[in-house]
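In what follows, a single structure is set out as structure tokens and then discussed.
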Amino acid sequence: MHVAVIGSGYVGLVAGACFAETGNDVVCVDKDAGKIERLQRNEIPIYEPGLEDLVRRNQTEGRLRFSTDLTRAVRDAEVIFIAVGTPPNEDGSADLSHVLDVAGEIGRAMNAPRLVVNKSTVPVGTADRVEAAIRAATSCTVDVASNPEFLKEGAAIEDFMRPDRVIIGVRSDDARLTLETLYAPFTRRGGDRFIVMDRRSAELTKYAANAMLATRISFMNQMAALCEALGADVNLVRAGIGSDQRIGRAFLYPGPGYGGSCFPKDVKALVHMAREAKVSADVLEAVEIANARQKMVLLEKTRQHLGADMRGKVVGVWGLAFKAETDDMRESPAIPLVDGLLAAGARVQVHDPRAAESAHAIFGDRVLYAADPYSAAHGADALVIVTEWLMYRNPDLDRLKALLRRPLIVDGRNLFDPARMRGLGFEHVGIGRGHG
Ligand code: NAD
């Protein structure tokens, strides 16, 4: 099938490469000419495990191209995906300007009937608006479908190639058939992975999924705070509740608050949608409030031990990305932490195996970028762990202790066992690991 993907960011690039991998002829379009030039040279602008090889292979074999020419891509394609960003507006609603701009451009480019599929995360009713924007610009027939994306950064290719489910919101059998054909190679493992519904339900499914996951995180963060106040261990509570099949073990880890490009903006957008529809959003509002507070937890814990005035103090930070296996720092809890430490007068030494470039755009020269985890800990009065990178899980603890000026570890991901750490002479501060 001839496929065009408009928007070559995390979602567009992964979707385009995976469609090419299954034999389709794919062109990925972006308005960012610099990004397209880099991609044409096989320089991948983001870090995503396995993506570079996948792109190179499909590029070399001629199934995957990159272009800024939307008109040509639309004219050559049978199916056109929209995968541009939908960042939050000031009032929390999703900014649809990129999606609607692309819809207008597709309409102006069309010279034959087309299927347009929206992959961006968009409020309920956007398929109608996209359809109207395209129709206003062309007399050709257009069919618009909704196909929200559920990949996780850090495991995006695996998620795309072996999805738990593919959600399709359609108005016609033709659209359903085309998308079933396109996704068949990815859904072979189980017949029920392909879920067809109306467009509005598909649009809402994406927000509902992210809001449910964000709710679990805020819930567990609140349980962790209770554990600290009452002398219980959240790891044990987690094991206890996770064994209940109705609850399940996944996504029950407390931490420094959720970040990334999706959960924060999608919860906000859903709150906004509920308000507009005059439906109470109190559960979602509480999830957001709890998360905003949680993002200050690592700074608070560090302050409790080093004091509010950190002039003359050095703090090491392990991990800047909002989660492991990505270079994405959007809404990362590392940002309020580092800003707070700097405001308190501390010198900050950071390490992240992949996010140093993204970090530089945020912190500039205000922090020291360590080449390896041990250098970030060198001479520090505290080491704060923000991201659960594998390389931080089993460090040489004797070496670490010798490097730290004060053996204080604020373990934002509960990587270490508190009793073991105390036995080794560390002051260990976890999340929800009993008193202290
Ligand atoms: P991104 O910011 O990484 O990429 C978006 C790309 O679209 C950019 O390269 C931008 O230059 C391009 N673009 C914007 N306007 C354009 C135009 N008029 N013509 C051509 N290109 C244009 O965004 P992303 O993270 O890939 O997210 C895209 C959408 O998918 C969002 O709605 C997001 O919520 C959703 N989503 C993201 C993820 C994720 O993990 N990142 C997962 C699921 C869904």
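The structure presented is a predicted model; accordingly, all values stated were derived computationally and were not measured. Counting convention: from 1, in listed order, for ligands and their atoms alike. For reference, positions follow the sequence shown, starting with 1.
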Do me a favour and list the nearest non-hydrogen protein atom to atom 34 (O) of ligand 1 with residue, atom name and distance? K265 NZ, 2.6 Å
Using the side chain to side chain contact (heavy atoms under 4.5 Å, CB included) rule, take L368 and R347 through it: C-alpha gap first, then chi angles, then the decisive distance, then the call. CA-CA 8 Å; L368 189 137; R347 235 177 59 219; 5.8 Å; no
Backbone, side chain, both or neither: what part of C262 comes under 4.0 angstrom of ligand 1, heavy atoms only? side chain
Taking the inter-plane angle between the rings of W318 and Y374 on a 0 to 90° scale, is it parallel (under 30°), tilted (30 to 60°) or perpendicular (over 60°)? perpendicular
Would R216 count as a cation-pi partner of F251, with NZ or CZ less than 6.0 Å from the six-membered ring centre and within 45° of the ring normal? no
Run down the list V84, L70, V122, T121 and name the one with the heavy atom closest to atom 14 (C) of ligand 1. V84
Between F194 and F186 (judged by ring centroids, cut-off 6.0 Å), do the two rings come close enough to count as a pair? no
Using a 4.0 Å heavy-atom threshold (strictly under), name the region of L13 that reaches ligand 1: side chain, backbone, both or neither. neither
Any N or O of D266 closer than 3.5 Å to N or O of ligand 1: no
E105 heavy atom under 4.0 Å from ligand 1: yes
Do D282 and S280 meet the criterion of a side-chain donor-acceptor pair at a distance under 3.5 Å? yes
If the cut-off is 4.0 Å to any non-hydrogen atom of T86, which atoms of ligand 1 fall inside it? 31 (C), 32 (O), 34 (O)
On a heavy-atom basis, I'd like to know which of Y10, Y207, F150, F263 is closest to atom 3 (O) of ligand 1. Y10
Would you say the ring centers of Y183 and F19 fall short of 6.0 Å from each other? yes
Using a 4.0 Å heavy-atom cut-off, say whether S261 meets ligand 1 through its side chain, its backbone, both or neither. side chain
Hey, does R330 sit under 4.0 Å from ligand 1 if you only count heavy atoms? yes
Any donor-acceptor pair under 3.5 Å from N24 side chain to M1 backbone: yes
